[in-house]
Amino acid sequence: MTRACLAALASHWRRNPLQSFAFLVGLALATALWSGVQAINAEARASYDAAVATLGDGQFDQILPRAGDRIAQQDFVTLRRAGWLVSPIIEGRLDGVRLLGFDPLSSPARFGVEGMAEAGDPDSFLSQGQLYATAETAQALGDGVTVLVEDTITPGIAVGDVGAVQQLLRRGDLSRLLVQPDQPLRRPALEDLAPHLRLQSASQSADVGELTESFHLNLTAFGLLSFAVGLFIVYSTIGLAFEQRRGMVRTLRALGVPLPHLITLMVAEVVALALVGAGIGVVLGYVIAALLLPDVAGTLRGLYGAEMAGTLQFRVSWWGSGMAIAVLGALAAAGGRLWQIARMPLLASARPRAWAMTLGNAQLVQGVGALGLLLCAGALAVWGSGLVAGFALLGCFLIGAALALPLLVRPVLALAEGTAKSPVARWFWADTRQQLPGLSLALMALLLAISANIGVATMVSSFRLTFVAFLDQRLAPELYVEAETAGQAAAIEAAAPRLGATALPLLVRDTQVAGQPTRLFGVRVGPTYRENWQFLAATPSAWDQVAAGTAAVANEQLARRAGLWIGDLVEVAPDRMLPLAAIVADYGNPRGQLVIGEALFQSLHPEVSARQFGLRTDDAATLRRALSDEVGIADSAITDQVALKAFSMSVFDRTFTVTAALNVLTLAVAGFAMLMCLLTLADLRVPQLAPVWALGLTRRRIGQLEVIRALVFAGVVCLFALPVGLGLAWVLLAIINVEAFGWRLPMYLFPADYARLGAYAILAAGTAAAWPAIRLMRVPPNALLKVFAHEH
Amino acid sequence: MTQADPALFLCGVQKTFAGADGPVRVLGGVDLTLAPGETLALTGESGSGKSTLLHIAGGLEVADAGTVRVAGHDLTGLSDSDRAVVRCRDVAVIFQQFNLIPSLNVADNIAFQARLAGRADMVLIGDLAARLGLSDQMRKYPEALSGGQQQRVAIARAIAARPQVLLADEPTGNLDESTAVQVLDQLLTLVADTGAALLLVTHSPTIAARMGRRLHLSRGVLA
Amino acid sequence: MSIRLVVFLLFWPVSVFAQGFAGLGTDAQGFEVPQAGPQFDFPADHGPHPDYRIEWWYLTANLTDVDGTPYGLQWTLFRTALAPGEDAGWASPQVWFAHAAVTTPQAHFATERFARGGVGVAGVQAEPFRAWIDEWAMEGPDFDTLTLTAQGPDFAYDMALQAQGPLVFHGQDGFSVKSAEGQASYYYSQPFYEIAGTLMLPDGPVEVTGNAWLDREWSSQPLSDNQSGWDWFSLSFDDGTNLMGFQLRQRDGTLYSASTWIEADGRTTAYPDGAFAAQPMTQSEVGGRDVPTTWQVQLPGRGVDVRVEALNTQAWMPLSIPYWEGPVVIEGSHTGVGYLEMTGYE
């Protein structure tokens with residue numbers, strides 16, 4: 001019995017290859033987008049870890065000089081001879097390239113040794129001064145240096161043996177020592193051995209982590225939305241296939257197949273198809289990820305100043321989740337239909353009235369569902385809290401909007417029909433309205449795709465604008481210097497005017513404000529702050545008040561966590577209450593911050609002296625050299641903020657490449673959904689179009705009208721997608737981001753982008769309609785005639 | 001089933017449907033016995049309940065009261081699934097709308113119920129197809145067949161399953177007159193050959209006259 | 001030890017160790033090759049020979065504490081050269097690595113170190129004698145009077161050694177042939193050290209005394225291609241005589257053996273291939289493989305027929321180059337203690 005039934009069920013897919021194709025490809029595309037994005041995320045995450053490991057920063061304790069940035073080689077020998085298992089690192093610059101020398105024998109870090117080991121010549125690494133770098137970096141180094149091209153090494157860095165790098169830099173000393181995690185039983189204290197050195201324990205850079213997390217959240221949200229679009233395709237194909245097989249199900253039951261048996265077989269059928277589709281999708285996802293990975297790698301590359309591997313691993317985490325979500329998605333899509341089939345009476349004729357009622361109810365149910373979901377979304381927006389509520393809100397809002405779409409489109413079409421004058425136009429609009437139920441799932445998919453694209457584009461672009469402003473604000477001084485000692489700090493302040501620079505000392509102290517761990521800053525208020533800082537909210541003379549010591553500025557994280565806003569009083573020190581004059585956006589930083597004037601800070605915390613300085617200058621390179629040579633500041637203690645800014649921008653440009661590619665893919669998926677719906681409807685269209693043809697419309701004209709109809713639908717959907725997409729962006733920026741990271745991104749609008757997306761969408765719809773329209777144009781006249789002579 | 005068992009035995013069968021203006025009594029206590037090999041025409045006006053009676057006999061619907069025994073199986077109190085098994089093994093139904101499986105070709109359609117019952121006999125099927133003039137149509141799909149041909153496929157499917165009871169609901173109702181006569185002839189010949197009992201619902205006195213016995217159903221009661 | 005470093009190391013000539021521990025590159029490649037009839041020059045020859053590819057200072061000791069509990073101790077410094085000769089600073093082609101271990105009847109502690117030559121972290125000088133890597137050292141005014149120290153994350157030791165007899169030379173006056181094809185090394189030993197000192201173990205310090213055996217060997221040539229590993233025995237009998245014997249296992253199932261009989265006064269007799277025989281008796285599972293830990297050892301020419309049994313079968317050295325090395329107890333025609341080293345049991 002099982003075999004006969006399965007053969008009958010399977011014969012449907014064989015006889016309707018287009019439906020099978022739509023099902024498999026729909027699911028494959030959905031899975032592909034999801035697993036592709038997951039693959040990129042997984043790869044990127046793994047690569048951060050590898051990158052952190054590569055440089056040894058943050059992974060191992062390090063020994064650094066208390067002053068300057070050099071350690072005598074004898075110190076290394078002394079430490080080793082005393083039982084300290086340390087490994088030497090020398091760093092320096094040559095032709096703008098960062099040279100990193102290490103000793104592979106004693107190093108706990110990997111430094112891309114992997115590639116070198118594969119290259120297979122450690123002999124030349126140790127004894128022949130061989131350097132390893134990417135092709136680009138090698139070029140920058142010029143001909144004087146032998147460089148072996150090795151793509152796994154961080155761009156801008158050339159790695160070599162400590163001896164070779166010493167020779168290139170004409171130095172006999174070291175920069176720092178990595179400390180092995182396992183140390184022997186007996187070891188003298190570092191202070192006794194080398195009092196001029198200090199031990200710095202491993203730490204991770206939280207700021208960068210937050211930013212990259214944000215990037216991942218973007219990608220994940222995008223992957224999820226794309227998957228939803230793909231599921232709509234699956235839902236519509238399953239709906240169609242099950243609808244068409246209603247009769248078959250009845251016949252099977254009448255011929256004696258027990259219902260539970262039949263349902264079980266149909267579930268198995270869906271799971272089997274889903275596995276095939278998802279399998280194809282995982283492979284496609286791998287291809288997508290492999291194609292996008294170089295861009296993502298580029299995006300994330302420099303965040304740690306370290307390269308991520310350009311190759312993709314087949315990780316269970318992403319292909320497994322892709323398969324699982326595809327099967328669950330397909331079952332969810334089939335669930336409703338199976339439920340209907342399970343409840344369907346064996347004999348259709350028995351209760352015709354009940355069925356009519358059910359059909360009439362469908363629209364009402366859909367309307368009620370849409371309204372319920374949208375109300376739910378509204379309630380979550382107002383009262384919800386937490387990331388889960390944020391995503392639930394996203395889901396309710398999108399599905400609600402999609403369900404509401406056909407109900408909203410119908411009156412628009414009715415209105416058009418009412419205003420149409422010519423008989424052909426009236427027929428066109430009436431016929432369009434008639435097509436609505438058949439196309440509504442495709443239209444919903446299109447709506448989701450366009451909205452998702454609008455939403456994500458808005459989010460990414462808003463993020464970029466905000467971030468640029470933030471970078472301008474925070475990285476305004478050209479150089480940023482951290483002094484090792486109070487003496488150095490004084491020297492920096494003294495030297496700055498002489499070197500034609502303005503020093504902006506930054507006083508820092510960790511404290512508690514309103515019960516929140518907070519970093520208190522004392523700043524020298526000047527044009528740099530006044531011109532570059534953009535506030536989320538501020539009183540008119542905020543900086544004047546800060547300079548006068550009568551007000552403070554809080555970052556958004558602190559303000560939100562402590563529930564403070566403009567005008568609220570904060571206790572900056574015991575018994576010292578100040579009102580908040582402004583709230584400043586502070587992205588990618590988990591900590592609360594409070595900014596007060598330099599003078600007030602000094603009076604509150606006289607024991608704290610400035611160790612960090614922003615330096616404004618016209619010639620950063622000269623100033624940097626002067627600080628190193630004349631003031632003796634370690635090169636590693638000076639940050640070139642102009643370069644940092646440029647780098648950050650390049651990161652975002654990479655983000656755009658990825659986003660744009662995903663935009664095109666989602667629209668393609670939606671276009672495919674539309675094509676599938678139109679193709680399945682095309683066969684049903686023949687009897688509907690035959691009378692119009694008989695009444696004098698040419699087949700060519702009918703075909704043109706079919707394409708126009710698709711364009712009209714796409715246009716109307718675009719109109720509805722705009723508010724939905726903006727709503728989506730708002731949820732992402734104002735709710736999800738706040739819940740995830742504690743800061744809200746201001747939302748900017750990008751009409752040109754939306755117009756472009758709309759044009760793409762209409763193009764996708766037109767393309768999708770073209771093929772069925774051409775098929776209709778080529779229907780032979782006798783097929784149309786047969787409609788009238790059809791035997792009943 | 002023993003020799004003495006009737007192929008079909010209905011006793012005091014009642015059925016009421018919910019209607020727009022309250023409950024509608026469709027069958028009001030029907031008694032009916034059909035011996036193996038016997039052919040019986042059930043006639044009646046539209047809405048007289050003859051189709052409902054046939055459905056109950058086939059286990060497609062459940063009687064509100066009364067006893068239904070098909071080929072020795074008491075359907076009373078059987079679950080949906082158990083009734084389906086009886087239907088599959090011992091009963092075959094020929095519908096007015098043919099109810100073929102559109103995605104299977106003629107050969108597979110004919111073999112279908114026999115396969116469900118686990119007793120497909122390809123020689124018998126080939127023989128049936130030949131006798132019904134379907135031999136050239138075996139690879140075609142139902143949509144390519146005329147109504148008469150489709151009903152012949154349905155008849156072949158029913159006979160190929162080798163049921164003890166054949167139920168036919170207006171089998172020629174969708175066919176033109178001359179086709180109808182041909183199809184009926186073929187059906188009766190095959191039934192006679194197999195020795196199955198046939199209960200045939202029709203509103204046509206001409207067709208009813210071809211059956212061994214006739215019963216008229218009026219307002220849910222046999223006359 | 002990171003796995004990367006292991007991979008890295010395996011590309012080096014050092015990897016030859018993993019096969020047979022005679023540690024000799026595929027061919028001499030510009031290195032000096034041991035020649036028959038060596039003329040040693042002491043104390044200079046206690047120092048390094050950078051023109052040879054591989055060299056070691058290999059000390060093992062059988063110890064007991066005041067309760068009579070037996071212990072084993074190992075201290076080994078290896079030198080391997082990427083190229084012949086010496087150069088200053090990081091450019092030195094000499095690479096040093098060292099193994100240290102302590103074996104008790106219940107436990108086995110082992111650790112290793114790696115260092116580059118040229119910068120002062122590791123090296124050997126002949127006079128006054130000093131061999132060191134990081135804080136590990138074997139040093140003294142001369143080769144007869146030494147102190148010894150090493151440590152790992154979970155153990156340490158500080159020992160003092162005093163030689164009670166002369167150096168002994170293996171093979172033909174210190175020219176030790178390792179295969180029928182003629183691969184050879186320079187090889188001499190000091191088997192007569194008295195040793196005393198302190199072991200730092202997880203349960204606390206233990207005062208120990210006993211005897212130590214120091215091997216010196218250097219060469220540039222590989223084991224024969226068909227040799228897969230070796231079993232090396234240094235046996236100190238209670239009557240004051242000693243026996244050094246090794247057999248190289250060949251892939252065709254045959255063995256190549258050599259041995260030296262050492263009288264209590266240091267006089268030696270070298271025995272050719274086949275005289276010394278060692279039969280594995282029982283296997284123990286250690287470090288995930290089966291290793292023979294009881295042997296029947298015979299040197300018929302001296303009436304030696306003894307059962308050699310590991311003090312602790314789990315004396316596996318789980319280092320970059322894994323092998324088995326531990327103290328043994330001797331019973332049979334002779335009694336005593338000794339050390340057993342087995343390589344190539346992968």
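Note: hydrogens, waters and symmetry copies are ignored here, and every other heavy atom, side chains too, is used. Per chain, numbering begins at 1; letters A, B, ... match sequence-line order.
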Nearest-0.5 Å distance that lies between atom CZ in A:Arg81 and atom CD in C:Glu135: 8.5 Å
Heavy-atom pair of closest approach, residues A:Arg186 and C:Ala150: NH2-O, 4.1 Å
Pairwise distance CZ(C:Arg113) to OG(A:Ser106) - rounded to 0.5 angstrom: 11.5 Å
A:Arg80 (side chain) donor-acceptor with C:Asp134 (main chain) under 3.5 angstrom: no
Region of C:Ala137 that comes under 4.5 Å of a non-hydrogen atom in chain A: neither
Which atoms of A:Leu85 approach chain C - backbone, side chain, both or neither, heavy atom under 4.5 Å: side chain
Distance-only donor-acceptor check, side chains C:Trp90 and A:Gln73, under 3.5 Å: yes
For C:Thr147, side chain to side chain donor-acceptor pair (under 3.5 Å) partners two or more places apart: none
Contact class of C:Ala88 relative to chain A, heavy atoms under 4.5 angstrom: neither
Exam field: side chain A:Gln183 to backbone C:Pro153, donor-acceptor pair closer than 3.5 Å: no
Under 4.5 Å from any heavy atom of chain C - which part of A:Pro188: neither
Separation of C:Met200 CE from A:Leu185 CG (nearest 0.5 Å): 8.0 Å
Pairwise side-chain contact, C:Phe97 with A:Leu105, heavy-atom cut-off 4.5 Å (strictly under): no
With sequence neighbours excluded, residues passing side chain to side chain contact (heavy atoms under 4.5 Å, CB included) with C:Asp142: C:Asp144, C:Thr145
Top contributor to chain C interface from A:Gln166, A:Gln167, A:Gln74 [non-hydrogen pairs under 4.5 Å]: A:Gln166
